[in-house]
Amino acid sequence: MTKVFAFLIDGFEPSEAIVPIDFMRRAKFDVTVVSLMGRKQVEGSQGVTVVADALFEDVKDQFSQADLLFLPGGPLTLNYLNYNELKDVVMAHFNAGKKLAAICAAPMVFGRYGILKGEKATCYPGFEKDLEGAEFVHQPVVVSGQFITGAGAGAAVYFGFKVIEALSDKRVADLIRNSVNYQKEV
């Protein structure tokens, strides 16, 4: 079974977290929502509070089992950079050649860690300079090497499908598209 850890901090963007997590769970991925806040309740932007499955410190010995680490963005995305243990986990995952996903402003975390060099990536407008060493691509979602990056809340649905494709295949992503009655804008 595909194992995913999704990390939340106060100020995360709810749609960027919940939509991809929902789709990954529909695809039968084992997704654990992890709070970096020292409490299970994480306060998202727009007044939305989410209860995480686990605290970082309670599952940190399991991160090496993950197929994907996922960072949603939001107004306080820069705060991810305050968690040195998260950096250690992301760097170990990267060095193991495993997939990393981030949406909105969160791809800047990978850029600041220096691991996007030579890759293509997208992000929320204004954070392009933080994709250090990457080629910015103005697209809703970009898959490049180990990375899946999304441009923001408006791309959350498409981002969720692309994560599923990257970890499974297009057939599974199409099953999820059908199950949620996804319809392209006409």
Side-chain angles (χ1 to χ4, degrees), residues 1-45 48-74 76-113 115-116 119 121 123 141 143-150 153 155-156 159-168 172-173 176:
M1 178 178 287
T2 301
K3 180 68 182 157
V4 177
F5 287 98
F7 298 94
L8 298 184
I9 57 172
D10 284 342
F12 74 94
E13 175 60 46
S15 60
E16 295 168 4
I18 301 302
V19 170
I21 290 167
D22 175 284
F23 289 3
M24 287 185 274
R25 286 186 172 169
R26 288 172 190 257
K28 306 295 186 215
F29 293 2
D30 179 8
V31 181
T32 301
V33 179
V34 179
S35 170
L36 294 171
M37 304 312 304
R39 56 182 147 65
K40 284 194 173 180
Q41 286 192 319
V42 186
E43 299 172 23
S45 63
V48 176
T49 299
V50 169
V51 179
D53 300 314
L55 302 178
F56 183 94
E57 49 273 10
D58 294 338
V59 292
K60 64 182 176 183
D61 60 331
Q62 299 173 31
F63 296 143
S64 64
Q65 301 166 19
D67 298 293
L68 174 81
L69 301 180
F70 167 44
L71 302 177
L76 300 179
T77 297
L78 283 170
N79 288 339
Y80 279 120
L81 299 172
N82 296 331
Y83 298 94
N84 291 328
E85 282 189 291
L86 176 65
K87 180 179 181 178
D88 294 341
V89 169
V90 169
M91 295 306 292
H93 199 78
F94 171 75
N95 290 328
K98 296 182 178 183
K99 300 255 184 235
L100 294 157
I103 187 169
C104 191
M108 60 80 65
V109 174
F110 302 150
R112 293 273 187 100
Y113 290 170
I115 57 177
L116 280 178
E119 300 293 345
C123 63
V141 179
V143 179
S144 180
Q146 294 170 241
F147 299 95
I148 306 153
T149 55
F159 178 83
F161 297 145
K162 284 299 192 181
V163 167
I164 293 167
E165 284 181 27
L167 293 172
S168 186
V172 174
I176 304 308

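Predicted, not measured: the structure shown is a model, and the values here were computed from it. Residue numbers count from 1 along this sequence.
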Handout entry: Stepwise side-chain contact (heavy atoms from CB on, under 4.5 Å) test for Ile115 and Met91
Key = CA-CA 8 Å; Ile115 57 177; Met91 295 306 292; 3.5 Å; yes

Exercise for the section: Given salt bridge (Lys or Arg N to Asp or Glu O under 4.0 Å), test Asp58 with Lys40 step by step and report yes or no. Expected result: CA-CA 11 Å; Asp58 294 338; Lys40 284 194 173 180; over 6 Å; no

Handout entry: side-chain contact (heavy atoms from CB on, under 4.5 Å) assessment of Ile176 paired with Ile164
Key = CA-CA 9 Å; Ile176 304 308; Ile164 293 167; 3.9 Å; yes

Exercise for the section: Output, in order, the C-alpha distance, side-chain angles, deciding distance and verdict of salt bridge (Lys or Arg N to Asp or Glu O under 4.0 Å) for Lys60 and Glu57. Expected result: CA-CA 5 Å; Lys60 64 182 176 183; Glu57 49 273 10; over 6 Å; no

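A donor-acceptor contact closer than 3.5 angstrom links the side chains of Glu13 and Ser45. Looking at Lys28 and Ser168, their side chains never bring a donor and an acceptor atom within 3.5 Å of each other.
Between Phe63 and Phe5, the two ring planes are perpendicular [angle over 60°; tilted spans 30° to 60°].
Note: Phe159 CZ to Phe23 CZ = 12.0 Å, rounded to the nearest 0.5 Å. Taking CG of Leu76 as the start and CD1 of Ile9 as the end, the distance is 6.5 Å to the nearest 0.5 Å. Note that CZ of Phe94 and CZ of Phe147 are 5.0 Å apart. Values are rounded to the nearest 0.5 Å. The line from NZ of Lys87 to CZ of Arg112 is 11.0 Å long, rounded to the nearest 0.5 Å. Once rounded to the nearest 0.5 Å, the distance linking CG of Asp30 with CZ of Arg25 reads 8.5 Å. A distance of 6.0 Å separates CG in Leu71 from CG in Leu86, rounded to the nearest 0.5 Å.
Side chains of Val109 and Val90 form no contact here, defined as non-hydrogen atoms less than 4.5 Å apart. Residues Leu8 and Pro72 form a side-chain contact, since some pair of their non-hydrogen atoms from C-beta on lies under 4.5 Å apart. Two residues are said to be in side-chain contact when any heavy atoms from C-beta on lie closer than 4.5 Å; Thr149 and Ile103 fail this criterion. Contact annotation: the side chain of Phe70 never approaches that of Phe7 to less than 4.5 Å [non-hydrogen atoms, C-beta and beyond]. A heavy-atom distance below 4.5 Å is found between the side chains of Ile148 and Val141. Counting heavy atoms from C-beta on, the side chains of Leu69 and Val89 come closer than 4.5 Å. The shortest side-chain heavy-atom distance between Phe29 and Lys3 does not fall under the 4.5 Å cut-off. Put simply, the side chain of Leu81 reaches to within 4.5 Å of the side chain of Tyr113, judged on heavy atoms.
Nearest approach of Pro20 to Ala17, heavy atoms of both residues: CD-O, 3.4 Å. Closest approach of Val163 to Ala101, counting heavy atoms only: CG2-CB, 4.4 Å. The shortest non-hydrogen separation linking Val33 to Ala52 is O-CB, 3.5 Å.
With Gln146 contributing its side chain and Lys98 its backbone, the two residues share a donor-acceptor pair below 3.5 Å. Using a distance-only test at 3.5 Å, with no hydrogens or angles considered, a donor-acceptor pair links the side chain of His93 to the main chain of Lys99.
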